[in-house]
Engineer: 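My questions all concern the structure below.
Letters A, B, ... mirror the listed sequences (proteins, then strands); counts begin at 1.
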Amino acid sequence: MRASKYLITTKKESPADAEIISHQLMLRAGMIRKVASGLYSWMPLGLRVFRKVETIVREEMDRSGALELMMPVVQPADLWEESGRWSQFGPELLRLNDRHDRDFCLGPTHEEVITDIIRSEISSYKQLPANFYQIQTKFRDERRPRFGVMRTREFCMKDAYSFHSNAESLQETYQLMYQTYSTIFDRTGLDYRAVLADTGSIGGSLSHEFHVLADSGEDAIVFSTESDYAANIEKASSLVLDKKKEAADVKTEITTPDVHTIGELCKFLSLTADKTIKTLIISTEDSGKDKLVALALRGDHQLNELKVKNILGINGDLCLASEEEIKKALNCHPGSIGPIDLNLPLIVDSSAACVSNFVCGANKDGYHFKNVSWDRDCGELSISDIRNVVSGDFSPDGKGKLEIKRGIEVGHIFQLGTKYSEAMKATVLDENGKEQFMSMGCYGIGVSRIVAAAIEQNHDDNGIIWPEAIAPFQTVIVPINMHKSEHVRAVCENLYLSLMDAGVDTLFMDEPKARLGVMLADVELIGVPHRIVIGERGLQDGIIEYRHRRASENVDIKLNEIVDFIKNIAKR
RNA sequence: CGGGGCGUAGCGCAGCCUGGUAGCGCACUACACUGGGGGUGUAGUGGUCGCAGGUUCAAAUCCUGCCGUCCCGACCA
């Protein structure tokens, strides 16, 4: 591509509302432009990267045997009512009416449509297993779109859906997709991990997420130092070792004026938070009547909302009881609650249950108990894992300790089982001529998000550093004073044509009067991996300058060797 | 959804408190110089000051409402 025929709209300053580095660089490099909150246009330069990612995904999906199709963005409400998700989905689902006032939604995902297709097209177990995918626009009316293309309302996703006549077959395809995803992310050249995940609102049983590692990632992911255990923190558990029970000291009520938080309590009594128990009261409004439930955690641990929701079978958001509700139920303020003689259902975290002689609230404003023992003071306990693991916990498989890193979720695979096929009556006849619900799997990859994640992981002060496989251009030719030297011009032209002939994606900075400094700054911002600078000075010795985007020094290459050199290092 | 910030030229910002000719930098156009890392000069182009009301002789500036946009949001018991 010739720069003179292309649109390169770089900026020195980044827009004020861009917070994370990938968003800033994508705007500065002219890859994307915002249309409205959570809605972006892909400029030609950005689209090139987008397409490269898309191509890798498509090639590997095809290789896996999945069949590409395309379903509509706008979907009828009927299908969603059949699956039960019309009422289950919150405001994330953008609903709209057509001119006949019929209900539709913009598809955030396509389980309903694909299940509808398959139930009418496939009727025999002999046609299974089958796997269908599309690469297409999705819409989710995010509560808060942010981070540029990382969390938008409209985004592009590859979604695949597999159908099976039995669980083993689903297992096989799931494994195949796991492999395929690994190949896809290997090919993008990104540093990623697959982790165990929760199935969330899509439902189903087993699930893995694929995360690109980056400090700015929205998710915390947990690894064992010694085994291959890896999980999202929402899902991660740890091995709780029963501590030797200390002999119970005498329980004492102590006055704790103006102590409302664990922090204040620790300071007041000069002890560490792991010797305290905090008691949270949640209101489970979701389960019909307004019921309060108490949760006991070690003072230094954090509640894992998801684990509690799974235990209590709550679908919606978990919310903490208000001060009034607590006052009404317990006659004290939130800062003084404890597990003793609590007139509420209580769930004790398994780590909290190992603490003895702890300090906790006395359910009386201004008072706490010390030397509390679960066995003696709290009666029968309901114990569950309801906290987030922390760095240094034991891996649940007993091998190694847990370590926590940040990740950007770019892929997610699920075993759905028969959730949708049952709801939508998608059946086949088995070997015995009996009707059976198909088992399903679904598999997503965020195409647009991968582009942003790649930048989060690969950039420096001067701009983006694209991995070879997804760079908008593999190579760039930068001439020096081309308008003054016919020789430089001719060499650049020749080289450009030779590289294009050799199948190397090349950008030729052919604006005759462009200044060198400006061109170099642009080219670094855009992140082209391989740079060739050609000037009269070097040409006199038959030499041109090569530099990789990550390198800090030029390498002199003989003019007649450059095409082979580039072909060699830029090969796919 | 709750809390906060911000809307002035394509982008980044000042002006607003204390009402009176709408400014600066980048970008853009033309010309000249310069020519191996965002160069210099001269002359230009470009703005319903988010929208709607109100106060006033006079509103970017003061008041009210709306819209847009960005950031933060159990972690405290």
Engineer: With sequence neighbours excluded, what pairs up with A:Glu142 under the salt bridge (Lys or Arg N to Asp or Glu O under 4.0 Å) test?
Structural biologist: A:Arg151
Engineer: Under 4.0 Å, heavy atom to any atom of RNA chain B: which of residues 212-220 of chain A qualify?
Structural biologist: none
Engineer: Restricting to pairs with a member in residues 384-394 of chain A, which pass side chain to side chain donor-acceptor pair (under 3.5 Å), not counting sequence neighbours?
Structural biologist: A:Ser238-A:Arg387, A:His301-A:Arg387, A:Asn304-A:Asn388, A:Lys307-A:Asp385, A:Ser351-A:Arg387, A:Arg387-A:Asp393
Engineer: Tell me every residue that passes salt bridge (Lys or Arg N to Asp or Glu O under 4.0 Å) with A:Glu154, counting only those two or more places apart in sequence or in another chain.
Structural biologist: none
Engineer: Compute the centroid of each ring, for A:His260 and then for A:His333, and state whether the two points are separated by less than 6.0 Å.
Structural biologist: no
Engineer: By salt bridge (Lys or Arg N to Asp or Glu O under 4.0 Å), which residues pair with A:Lys405, not counting sequence neighbours?
Structural biologist: none
Engineer: Assign each of A:Asp17 and A:Pro334 to its nearest nucleotide of RNA chain B by heavy atoms, then name whichever residue's nucleotide is nearer the 5' end.
Structural biologist: A:Asp17
Engineer: Excluding sequence neighbours, so at least two apart, what forms salt bridge (Lys or Arg N to Asp or Glu O under 4.0 Å) with A:Asp219?
Structural biologist: none
Engineer: Heavy atoms within less than 4.0 Å of RNA chain B: which residues of residues 508-527 of chain A have one? Give them sorted by number.
Structural biologist: A:Lys513, A:Arg515, A:Leu516, A:Gly517, A:Val518, A:Leu520, A:Ala521, A:Asp522, A:Glu524
Engineer: Taking distance alone, no hydrogens or angles, what donor-acceptor pairs closer than 3.5 Å link side-chain atoms of residues 23-35 of chain A to residues at least two apart or in another chain?
Structural biologist:
unit_1: A:His23; atom_1: ND1; unit_2: A:Gly148; atom_2: N; d: 3.4
unit_1: A:His23; atom_1: NE2; unit_2: A:Tyr40; atom_2: OH; d: 3.2
unit_1: A:Gln24; atom_1: NE2; unit_2: A:Ala18; atom_2: O; d: 3.1
unit_1: A:Gln24; atom_1: NE2; unit_2: A:Glu19; atom_2: O; d: 3.2
unit_1: A:Arg28; atom_1: NE; unit_2: A:Lys11; atom_2: O; d: 3.0
unit_1: A:Arg28; atom_1: NE; unit_2: A:Lys12; atom_2: O; d: 3.4
unit_1: A:Arg33; atom_1: NH1; unit_2: A:Leu27; atom_2: O; d: 2.7
unit_1: A:Arg33; atom_1: NH2; unit_2: A:Thr9; atom_2: O; d: 3.1

Engineer: Sort and list the pairs that fulfil salt bridge (charged side-chain N to carboxylate O under 4.0 Å, His left out) and have at least one residue in residues 256-271 of chain A, not counting sequence neighbours.
Structural biologist: none
Engineer: Can you pull every protein N or O that's under 3.5 Å from an N or O on nucleotides 1-5 of chain B?
Structural biologist:
none

Engineer: Could you list the protein-to-nucleotides 23-27 of chain B atom pairs, N/O on both sides, closer than 3.5 Å?
Structural biologist:
unit_1: B:rG25; atom_1: N2; unit_2: A:Glu13; atom_2: OE1; d: 3.1

Engineer: Partners of A:Thr272 by side chain to side chain donor-acceptor pair (under 3.5 Å), sequence neighbours excluded?
Structural biologist: A:Asp274
